[in-house]
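Below is one structure, written out as structure tokens; the observations come after it.
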Amino acid sequence: MLDIKYLRKSTQEAKQRLVDRGVAPEKLDELLAVDQQRRDTIQKVESLKSQRNDVTEKIAFAKRHKEDASEAIAQMQEVGAEIKTLDAQQAQLDEQVQSLAAHLPNLAHEDVPVGPDEAANVEQRKWEPAVYGHRPQALAPTPEWVKAHYDIGERLGILDFERGAKVSGARFLYYVGDGARLERAVYNFMLDEHRKEGYTEMITPIVVNDSAMFGTGQYPKFQEDAYRVAGLDQTYIPTAEVPLTNYYSGETLPAEDLPIKFTALSPSFRKEAGAAGKDTRGLIRLHQFNKVEMVKFTKPEQSYDELEKMTANAENILQKLGLPYHVIALSTGDMGFSAAKTYDVEVWMPQQQVYREISSVSNTEDFQARRMHITYRDEQGKLQLVHTLNGSGLAVGRTIAAILENYQNEDGTVTIPEVLQPYMGGQEYLQATRHI
RNA sequence: GGUACUAUGGCAGAGUGGUAAUGCAGCGGACUCGAAAUCCGCCGAACCCGUGUAGAGCGGGCGCCGGGGUUCGAAUCCCCGUAGUACCUCCA
């Protein structure tokens with residue numbers, strides 16, 4: 001949620017910044033017009049209420065002294081009715097303001113490249129391991145025998161998309177045997193790394209209520225992509241960002257505890273509405289996938305430092321896994337709804353020879369904190385909104401995909417990255433095994 | 001899931017229709033070399049509106065878990081929720 005006082009005071013500037021985010025400028029005019037109506041109504045009704053409070057006090061006084069107050073009471077009946085009408089009007093205007101404001105995305109930080117879409121994103125840096133699987137060069141031309149991760153996964157018998165579709169539907173799968181083990185190794189490794197960096201590990205609810213979904217910005221605008229629990233006002237989380245960030249909703253945090261850092265593994269559920277036909281094969285785009293998430297609560301002045309650190313935490317995982325990647329800064333037109341600034345980390349997928357998003361790290365500044373009222377007291381003892389950040393660290397399924405493609409060998413086996421071997425009982429290779 | 005009870009400021013805790021006691025904590029001051037104790041004063045709400053020196057100050061509204069209702073007037077009465085506790089039921 002944006003600060004309505006800022007929108008009123010710096011309307012022209014705000015309008016330009018909203019345009020950068022792809023919002024029609026009339027949206028702001030509309031909001032401010034309704035806001036003006038609302039404030040006019042408030043002034044009317046509050047002066048009536050003030051009057052009522054005075055008269056009512058006199059009535060009370062009269063009653064105590066056994067005097068007649070029927071005239072004042074009769075008069076107040078009318079005022080009362082008028083107040084009721086205006087109150088109802090105001091409630092309606094409140095709702096309109098809320099709804100219009102709730103649909104406006106966050107404003108971009110001044111560093112963010114301005115542009116309408118992903119073409120305006122800017123690469124920040126690129127990384128590749130010195131030793132890459134069994135080959136020296138990561139980005140050297142991909143040998144022709146390199147297969148897509150889903151082909152290797154099925155051939156090794158560790159990914160079962162067919163039965164996933166049979167039991168659940170398209171975009172669901174079973175991990176089988178070493179596949180399930182590898183998935184578990186990957187997320188345990190990730191959680192251990194983040195814990196070393198000072199993140200507190202959490203296991204969260206994976207079903208949340210509507211106000212939590214509103215708090216992080218998924219609702220009201222993006223309901224069509226959410227898995228709602230039938231018959232209940234609850235939703236399967238699209239990311240652990242939702243329960244982790246809402247953990248402190250409505251609370252005032254001790255300033256000395258900031259920044260607070262959480263990490264959690266959770267399944268994530270997405271309908272992927274509008275993605276029909278895209279990435280239909282493999283682990284890239286599923287209705288359910290595991291993700292290790294990082295969330296931070298910070299003071300405003302430290303949030304951009306913490307954004308860099310969180311991005312580095314995501315990169316650290318890829319570096320230790322020896323997977324090539326690059327980091328890009330998303331443009332104003334490509335960022336998510338709640339973000340003020342976002343870095344995407346994209347991992348190299350050799351079979352398609354493209355970088356695919358494996359992590360997205362965002363500073364939402366006070367956008368989410370205003371929605372869910374998370375504050376701290378500054379040195380003057382005044383309540384201030386915290387800044388919240390979130391980032392994947394990393395998407396687990398996509399990490400598996402990247403490992404299968406980057407670490408495959410010509411004989412059809414896959415080398416298990418060294419840092420994961422201790423999590424796999426020392427096993428060094430994945431090879432075809434027959435499972436029942 | 002059922003029944004009963006409960007929900008008031010940072011904490012504790014009064015208030016059963018007349019507009020939120022009191023204690024602790026906090027802040028300021030007096031006393032003191034300083035501190036403690038004591039005394040005096042202030043202070044309670046993620047809020048909203050007006051004015052404005054523009055998150056100061058002042059005035060008003062609101063405010064007793066949330067939302068409705070009754071009433072001139074609701075913390076108080078009624079209804080619907082939510083959460084907690086106890087017992088029951090059911091379980092992992």
Side-chain angles (χ1 to χ4, degrees), chain A residues 1-11 13-14 31-32 34-98 101-102 203 205-215 231-234 245-258 297 299-301 365-388:
Chain A
M1 196 82 76
L2 299 174
D3 181 1
I4 185 106
K5 286 179 186 158
Y6 165 78
L7 298 179
R8 278 181 208 148
K9 214 189 304 178
S10 310
T11 308
E13 180 186 294
L31 170 63
L32 291 177
V34 180
D35 177 55
Q36 187 57 53
Q37 277 184 54
R38 169 178 166 272
R39 286 188 290 156
D40 293 344
T41 308
I42 286 174
Q43 284 178 45
K44 271 188 241 165
V45 74
E46 287 196 352
S47 96
L48 287 176
K49 282 179 178 175
S50 177
Q51 186 193 340
R52 181 179 68 182
N53 286 343
D54 290 344
V55 176
T56 275
E57 202 174 336
K58 288 188 184 113
I59 293 172
F61 182 86
K63 292 262 183 185
R64 259 188 244 111
H65 292 76
K66 310 279 184 206
E67 290 164 15
D68 177 56
S70 50
E71 196 183 319
I73 289 176
Q75 185 199 340
M76 281 301 104
Q77 277 174 339
E78 281 174 44
V79 175
E82 208 175 331
I83 288 174
K84 200 170 177 179
T85 311
L86 288 170
D87 264 345
Q89 257 176 49
Q90 192 208 321
Q92 207 190 335
L93 290 165
D94 278 350
E95 217 171 292
Q96 278 184 49
V97 169
Q98 271 299 108
I203 295 176
I206 62 172
V207 172
V208 297
N209 61 29
D210 288 353
S211 87
M213 289 291 277
F214 177 83
L232 295 174
D233 292 335
Q234 291 174 325
T245 310
N246 277 281
Y247 184 72
Y248 285 129
S249 65
E251 298 192 30
T252 299
L253 308 177
E256 64 271 20
D257 290 350
L258 301 174
F297 305 84
K299 293 179 189 171
E301 63 270 20
E365 298 187 1
D366 61 14
F367 187 83
Q368 294 180 327
R370 183 172 293 106
R371 289 180 158 230
M372 60 182 106
H373 307 294
I374 306 178
T375 54
Y376 73 100
R377 280 189 199 280
D378 64 17
E379 288 81 356
Q380 284 79 47
K382 282 193 177 154
L383 287 171
Q384 305 282 359
L385 292 168
V386 300
H387 281 192
T388 62

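Naming convention: chains lettered A, B, ... in sequence-line order (proteins, then strands); numbering from 1 in each chain.
The gap from the C1' atom of B:A74 to that of B:U8 amounts to 14 Å, rounded to the nearest Å. The gap from the P atom of B:G28 to that of B:A37 amounts to 15 Å, rounded to the nearest Å. Comparing B:G13 with B:U6, their P atoms are spaced 15 Å from each other, to the whole Å. Comparing the C1' positions of B:U76 and B:G59 gives an interatomic distance of 29 Å, to the nearest angstrom. Across the C1' atoms, B:G63 and B:C47 are found 9 Å apart, a figure rounded to whole Å. The gap from the P atom of B:C11 to that of B:G66 amounts to 15 Å, rounded to the nearest Å. One P atom belongs to B:U71, the other to B:G81, and the distance between them is 23 Å to the nearest Å. When the C1' atom is compared between B:C48 and B:A35, the two are found 44 Å apart, to the nearest whole Å.
Put simply, CG on A:Leu258 and CD on A:Glu301 are 9.5 Å apart, with the number rounded to the nearest 0.5 Å. The line from CG of A:Leu253 to CD of A:Gln384 is 13.0 Å long, rounded to the nearest 0.5 Å. The distance from atom CZ of A:Phe367 to atom CE of A:Met372, rounded to the nearest 0.5 Å, is 10.5 Å. With values rounded to the nearest 0.5 angstrom, A:Asp233 atom CG is found 5.0 Å from A:Asp210 atom CG.
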>> side chain to side chain contact (heavy atoms under 4.5 Å, CB included) for A:Arg8 and A:Leu32? Distances and angles first, verdict last.
In response: CA-CA 7 Å; A:Arg8 278 181 208 148; A:Leu32 291 177; 4.0 Å; yes
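Base engagement by A:Ile59 is indicated by at least one non-hydrogen atom pair under 4.0 Å involving a base atom. Residue contacts shown for A:Gln384 include a base, since a base heavy atom lies under 4.0 Å away. Residue contacts shown for A:Arg377 are absent, as no nucleic acid heavy atom lies under 4.0 Å away. Backbone-only engagement by A:Arg8 is indicated by non-hydrogen atom pairs under 4.0 Å involving sugar-phosphate atoms exclusively.
As a whole-Å value, the separation of A:Gln98 CD from B:G67 C1' is 16 Å. Counting to the nearest Å, the P atom of B:C48 and the CE atom of A:Met1 are 12 Å from each other. Put simply, CG on A:Asp87 is 17 Å from P on B:C48, counting in whole angstrom units. Taking atom CG of A:Asp40 as the reference point, atom C1' of B:G50 lies 12 Å away to the nearest angstrom. Computed from coordinates, the A:Gln37 CD to B:C49 P distance equals 15 Å when rounded to whole Å. One can place CG of A:Asp210 at 17 Å from P of B:G67, the figure rounded to the nearest angstrom. The distance between atom CD of A:Gln90 and atom P of B:C48, rounded to the nearest whole Å, is 12 Å. Distance, A:Lys49 NZ to B:U71 C1': 15 Å, rounded to whole Å.
The nucleotide whose nearest atom lies closest to any side-chain atom of A:Ile42 is, among B:C49, B:C72, B:G61, B:C49. The listed nucleotides are B:G18, B:G61, B:C49; the one nearest the side chain of A:Ala60 is B:G18. Among B:G60, B:C62, B:A54, the nucleotide with an atom closest to any side-chain atom of A:Glu46 is B:G60.
Without hydrogens or angle criteria, A:Asp366 side chain to A:Leu385 main chain gives no donor-acceptor distance under 3.5 Å.
When Watson-Crick and G-U wobble pairs are counted only if both distances are under 3.5 Å, B:C64 pairs with no nucleotide at all. Pairing partner, B:G59: B:C49, with both Watson-Crick or wobble hydrogen-bond distances short of 3.5 Å. Base pairing of B:G34: no nucleotide in any strand meets the Watson-Crick or G-U wobble criterion (both distances under 3.5 Å). Base-pair partner of B:C42: B:G26 (Watson-Crick or G-U wobble, both distances under 3.5 Å). Nucleotide B:G84 forms a Watson-Crick or G-U wobble pair with B:C5, both donor-acceptor distances falling under 3.5 Å. Look at B:G18: its Watson-Crick or wobble partner, with both distances under 3.5 angstrom, is B:C72.
Side-chain nitrogen and oxygen atoms of A:Lys44 include none within less than 4.0 Å of the OP1 or OP2 phosphate oxygen of B:G60. Contact between the side-chain N/O atoms of A:Gln43 and the OP1/OP2 oxygens of B:C49 is not found at any separation under 4.0 Å. Within the structure, every side-chain polar atom (N or O) of A:Asn53 is placed at least 4.0 Å from both OP1 and OP2 of B:G73. Residue A:Lys84 has no polar side-chain atom (N or O) positioned under 4.0 Å from OP1 or OP2 of B:G73. Regarding contacts with the backbone of B:C48, every side-chain N or O of A:Arg39 stays at 4.0 angstrom or more from both OP1 and OP2.
Within 6.0 Å of OH in A:Tyr6 there are more than 12 heavy atoms belonging to other residues, nucleotides or ligands.
Each of A:Gln37, A:Arg38, A:Gln36 was evaluated against A:Asp40; a single residue qualifies, A:Gln36, per the side chain to side chain donor-acceptor pair (under 3.5 Å) test.
Comparing A:Ile4 and A:Asp54 by the nucleotide of RNA chain B that holds the closest heavy atom to each, the one mapping nearer the 5' end is A:Ile4. In terms of position along RNA chain B, the nucleotide closest to A:Arg370 lies nearer the 5' end than the nucleotide closest to the other residue of the pair A:Met76 and A:Arg370.
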